[in-house]
2 protein chains.
Amino acid sequence: MRLGMTAPLIAAGLAALIGTAAPAFAYDGLVQKQTFEMTGPYQTVGGRTIKQVRVGYETIGTLNAAGDNAILIPHFFSGTSHFAGKYKADDKAPGYWDAITGPGKALDTDKYFLIGVDSLTNINAKDGITVTTGPASIDPDTGKPYGMTFPEVQMRDFVNVQKALVDKLGVKKLHAVMGASMGALQTWEWAAAYPEMVERIVSVIGATFADGYTTARIKNWRDAVMVDAKWNKGDYYDKAEPVDGLALAFKLINIDALAPEWGEASFSRKWADPAKDPAASMDNAYASEAWNDAAAMARVKIADANNLIYLARANELFALGGKSTVEDGIKLVKAKVLLLPSKNDHLLFPENSRKARDLLQAQGNKVEYAELDGPMGHLNGVVGIAQAQPQIIKFLAE
Amino acid sequence: MRLGMTAPLIAAGLAALIGTAAPAFAYDGLVQKQTFEMTGPYQTVGGRTIKQVRVGYETIGTLNAAGDNAILIPHFFSGTSHFAGKYKADDKAPGYWDAITGPGKALDTDKYFLIGVDSLTNINAKDGITVTTGPASIDPDTGKPYGMTFPEVQMRDFVNVQKALVDKLGVKKLHAVMGASMGALQTWEWAAAYPEMVERIVSVIGATFADGYTTARIKNWRDAVMVDAKWNKGDYYDKAEPVDGLALAFKLINIDALAPEWGEASFSRKWADPAKDPAASMDNAYASEAWNDAAAMARVKIADANNLIYLARANELFALGGKSTVEDGIKLVKAKVLLLPSKNDHLLFPENSRKARDLLQAQGNKVEYAELDGPMGHLNGVVGIAQAQPQIIKFLAE
C-alpha cells in the first residue's frame with residue numbers, strides 16, 4: 001500500500017524544518033515540559049555509571065485505572081519530547097506529530113495517555129526547554145561539563161530510562177510505543193527489552209539495526225563536528241564553539257533525510273538571489289544550498305556539538321536486542337507491529353522494514369505494513385504522517 | 001532490462017576503491033600519459049581567461065584515415081584519463097574500464113581510437129601522473145598557485161578543452177563519447193555543444209542536470225574541506241594542508257556513491273578490530289567505518305583540496321546545454337544515446353535517466369536503456385561496467 005501527501009503538508013514540513021510558522025494545529029491545547037530524575041545512579045548497558053540522570057517529558061491525556069492506555073513516543077534524531085500541542089499559545093509551531101494528535105485522531109487524547117520523552121544526549125540541549133543528560137551536562141564529580149568523558153550510551157539505555165519514567169507514572173502496560181526514525185529504533189528496542197509490557201509498536205521510517213553502510217554514513221555526521229578545530233576534542237564549553245562543524249553536520253543530516261523530489265518541488269535550480277548567478281562566483285548559491293545553510297544555522301543555535309556526536313554514535317551502535325543478526329533480534333519481539341517506511345527514504349531504506357515484516361510474519365506476529373509517500377524522503381515519516389492516520393487508528397484499535 | 005554483477009567483480013571494485021591489487025586485466029598493453037596544451041589563452045564559459053591550459057590524455061588504438069572512429073572517454077569525479085591498461089607492467093591495477101577494453105571488447109582496440117582525458121581542476125593533482133589546470137596550478141601572472149583566484153569552470157569548459165584536443169589529434173567525428181557519472185555529464189554536454197560531431201553518447205550513471213537536492217549535497221563535499229581551518233581560504237600551498245577536511249569530503253563522496261548492499265556484502269556490523277567493541281569506546285570503529293577512513297586517507301595523499309572544491313562546484317553548475325530546463329537541454333541532443341543508470345544509485349538517481357530516455361524517444365532520437373545491477377550503488381557504473389558489455393557493443397555497432 002502506498003499513501004499520499006498533499007501540497008500544504010509539504011509546505012508545512014518545509015516550514016517546520018526551517019522553524020517558521022506552520023498552519024493550524026490539531027491538538028488544541030497547551031502542553032508542559034516536565035522533568036524526570038532517576039533515583040540513584042544509572043548503570044549504562046556498556047557498564048559505566050552516570051550519577052544523575054534527568055530527562056524531560058510531556059504528557060497529554062489521562063492514564064486509566066488499569067494503567068494500560070499509555071502510548072510512549074520516543075523522538076527522532078533531531079527531535080524532542082514535543083510531539084504535539086504548544087507550550088505557549090503564541091509558539092510558532094506545534095509539536096511534530098500534532099496533525100495526528102487530538103480527540104478522534106490517531107493519537108486520541110480522549111482515549112490514550114500520551115507520553116513524549118527527551119532522549120539521553122539530546123541534541124537540542126541549548127534550546128531552553130529540552131531536559132537531557134549527556135556530554136553537555138555537568139559532571140557532579142567535577143562541576144564541569146562531561147565533554148568526551150561522558151560514557152557511550154545506546155538505544156537500550158534510552159529505553160531503560162524511559163522504563164523508569166513510565167513505572168513512576170504508574171503505567172502497567174504500554175498500549176503502544178510509536179516513534180519515527182531514531183524513535184522507531186527505540187520502539188523496537190522496547191519490544192525486545194520489555195516484551196511483557198509492550199502490546200504494540202509503530203515503527204515509522206525505522207530500522208531494526210544499523211547496517212555497515214549506515215554506520216559509516218552516520219560516523220560522517222560526527223566527523224563533520226570533529227574536523228572543526230574549535231571542537232577541541234570536546235572541550236569548548238568556556239570557549240568559541242565549533243559552529244562551522246556543527247552546521248556541516250546538520251547540512252549532511254538534512255540532505256540524508258530528504259530526497260530529490262523535495263529539491264525539485266521546492267527549488268529545482270533556482271538561484272538564492274536572482275541577481276547573483278552561481279556560475280559567476282562561488283560566493284553565489286543555489287536556493288537549495290542557501291536553504292540548507294540557513295536551516296543548519298538555525299539548528300546550531302540550540303544544539304550542543306558533543307551531544308550530537310554521542311547521539312550519532314548511539315545510532316551506529318543500534319542492533320535490535322543487542323543481537324548480532326536481525327533474525328535473532330526479531331525473535332525477541334512479541335508485540336503487534338505496524339511498519340510505516342517511506343517510499344523514497346534514502347537514509348533508513350524501506351527494504352529494511354520489508355525484511356522485518358517478512359521475519360515477523362514468518363514467526364507469527366501480527367504485522368501490518370504501509371509505505372508513506374511524498375517528496376520529503378525519510379522526513380515523510382515526520383511531516384507527512386497524517387496520510388497514515390487511518391492505518392494507525394485501525395492498528396491501535398485491534 | 002536489469003543487468004548483473006558477479007562476486008569477483010565486486011571484490012575487484014572494492015580493491016580498486018582502496019587501491020590494492022585487482023585481478024587480471026583485459027587490455028594487455030601499456031598506455032602512456034601525454035600532455036595537451038591549448039594554443040593561447042582560454043576564455044571560460046563564465047567569461048574569465050586562463051592564460052595557459054594543459055590537460056593529460058592517453059590513447060589506445062589508431063585513428064582511421066577518415067578520422068571518424070574515435071571514442072572519447074571523459075572521467076568521473078575522482079577519476080583521470082586512465083580508463084584502461086597500465087602505465088607500467090607492475091602497476092597495481094589497470095584503468096577503471098579495463099574490463100571492457102581490448103580486442104573484441106566494447107571499447108574495441110582493433111576498431112576504435114580511444115581517447116581518455118584528464119579534466120580541468122582534476123582532484124588527483126598530486127599523483128605524479130595526472131596533468132590538469134586548476135587552482136593548484138601556477139598562475140603565470142604571480143608564479144604561485146591560483147588558489148581561490150582560479151575562475152569557476154563548468155562541464156562546457158571541460159568539453160571545449162577536449163574539443164581542442166580531438167581537433168589537434170585529427171578527429172573529424174566522434175564515433176561516441178562515453179563516460180561514467182561526471183564523465184556522463186560531459187557526454188551530454190558534448191552532444192549539446194557539438195551535435196554535428198557526436199554520433200553517439202553512452203551515459204553511464206549519468207544525469208542531464210544537477211537538481212536542487214544534488215547541488216546542496218555536492219556543496220556539502222566542498223564545505224567539508226572549508227570547515228578545516230587549515231584550508232585557510234585556499235591558501236595552504238606552503239603550509240600544512242587541510243588533510244582532515246579533505247578526508248571528510250572523500251568519506252562523504254564514498255558513502256554517497258555506494259549503497260547499503262555494499263555495506264552488507266562487505267562488512268555488515270563487523271568490528272574493525274575483533275578485540276575492540278565499538279560499544280566500549282568511541283575510539284573503536286565498525287569495519288565499514290575504518291574502511292571509509294582508510295579509503296579517504298589514501299585519496300588525500302594524491303589530491304588537492306582546492307581542485308576538489310572547484311570540481312564539486314563544476315558539478316553543481318551542470319545543466320545540459322546551459323538551459324534552465326531538462327526539456328530544453330535535451331532538444332539540443334541529436335546523437336544516438338545509450339543510457340546505463342545503476343538500479344541502486346543514490347547519488348545520480350536512475351529516475352533522471354528514465355526521464356531523459358522518455359524525452360529523447362518523444363523527440364525521435366534513437367535511444368537505448370538498461371539498468372546496471374550490483375551492490376555498489378552509483379559505483380556499479382565504474383566497477384560493474386562489464387555486465388553491460390553486450391549492450392555497449394551492439395549500440396556502438398548500430
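Just so we're clear, the structure is a prediction, and the values are computed from it rather than from any experiment. In what follows, chains are A, B, ... by sequence order, proteins preceding strands, each numbered from 1.
Contacts between B:Asp277 and chain A at a heavy-atom distance below 4.5 Å are absent for every atom of the residue. Of the two parts of B:Leu248, only the side chain, counted from C-beta on, holds a non-hydrogen atom closer than 4.5 Å to a non-hydrogen atom of chain A. Contacts of B:Ala279 with chain A are made by both backbone and side-chain atoms, with heavy-atom separations under 4.5 Å. For chain B, no part of A:Ala287 is nearby; none of its heavy atoms comes within less than 4.5 Å. Neither the backbone nor the side chain of B:Phe150 comes within contact range of chain A; no heavy atoms are under 4.5 Å apart. Looking at B:Thr214, there are no atoms closer than 4.5 Å to chain A (heavy atoms on both sides), in backbone or side chain. Using a 4.5 Å cut-off between heavy atoms, B:Ala247 does not touch chain A at all. For B:Glu351, no part lies under 4.5 angstrom from a heavy atom of chain A.
Annotation: maximal heavy-atom pairing with chain B below 4.5 Å, among A:Gly377, A:Ser288, A:Gly263, occurs at A:Ser288. Ranked by non-hydrogen atom pairs under 4.5 Å with chain B, the options A:Asp211, A:Asn220, A:Val45 are led by A:Asn220. The candidate with the highest count of non-hydrogen atom pairs below 4.5 Å against chain A, out of B:Ala285, B:Gly47, B:Ser281, B:Gly245, is B:Ser281. Among B:Ala210, B:Ala280, B:Ala224, the residue with the largest count of heavy-atom pairs under 4.5 Å with chain A is B:Ala210. Taking A:Ala319, A:Ser324, A:Pro151 one by one and counting their heavy-atom pairs under 4.5 Å with chain B, the maximum is reached by A:Ala319. Of the residues considered (B:Ala314, B:Ala229, B:Pro242, B:Ala259), B:Ala259 shows the highest number of contacts with chain A, using heavy-atom pairs under 4.5 Å. Of the listed residues A:Asn352, A:Leu252, A:Asp228, A:Asp244, the one with more heavy-atom pairs under 4.5 angstrom with chain B than any other is A:Leu252. In terms of heavy-atom pairs under 4.5 Å with chain B, the best-connected choice from A:Lys219, A:Arg313, A:Lys251, A:Lys230 is A:Arg313.
The distance from atom NZ of B:Lys270 to atom OG1 of A:Thr215, rounded to the nearest 0.5 Å, is 12.5 Å.
Looking at every heavy atom in both residues, A:Ile255 comes nearest to B:Ala216 through CD1-CB, 3.6 Å. Nearest heavy-atom pair, B:Ser268 versus A:Phe209, reported as atom, atom and distance to 0.1 Å: OG-CE1, 4.2 Å.
By the neighbour-count criterion of 12 heavy atoms within 6.0 Å, atom NZ of A:Lys239 is densely surrounded, having more than that number from other residues, nucleotides or ligands.
Just one residue in the list B:Asp256, B:Leu258, B:Asn292 forms a side-chain contact (heavy atoms from CB on, under 4.5 Å) with A:Arg217, and that residue is B:Asp256.
The aromatic rings of A:Tyr213 and B:His346 lie tilted to each other, with the angle between the two planes from 30° to 60°.
Side chain of A:Arg269 to main chain of B:Leu317: a donor-acceptor pair is present (N/O by atom type, distance under 3.5 Å, no hydrogens or angles).
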- [ ] Give the intermediate values and the outcome of side chain to side chain contact (heavy atoms under 4.5 Å, CB included) for residues A:Glu289 and B:Arg222.
- [x] CA-CA 12 Å; A:Glu289 298 174 337; B:Arg222 312 191 252 130; 4.2 Å; yes
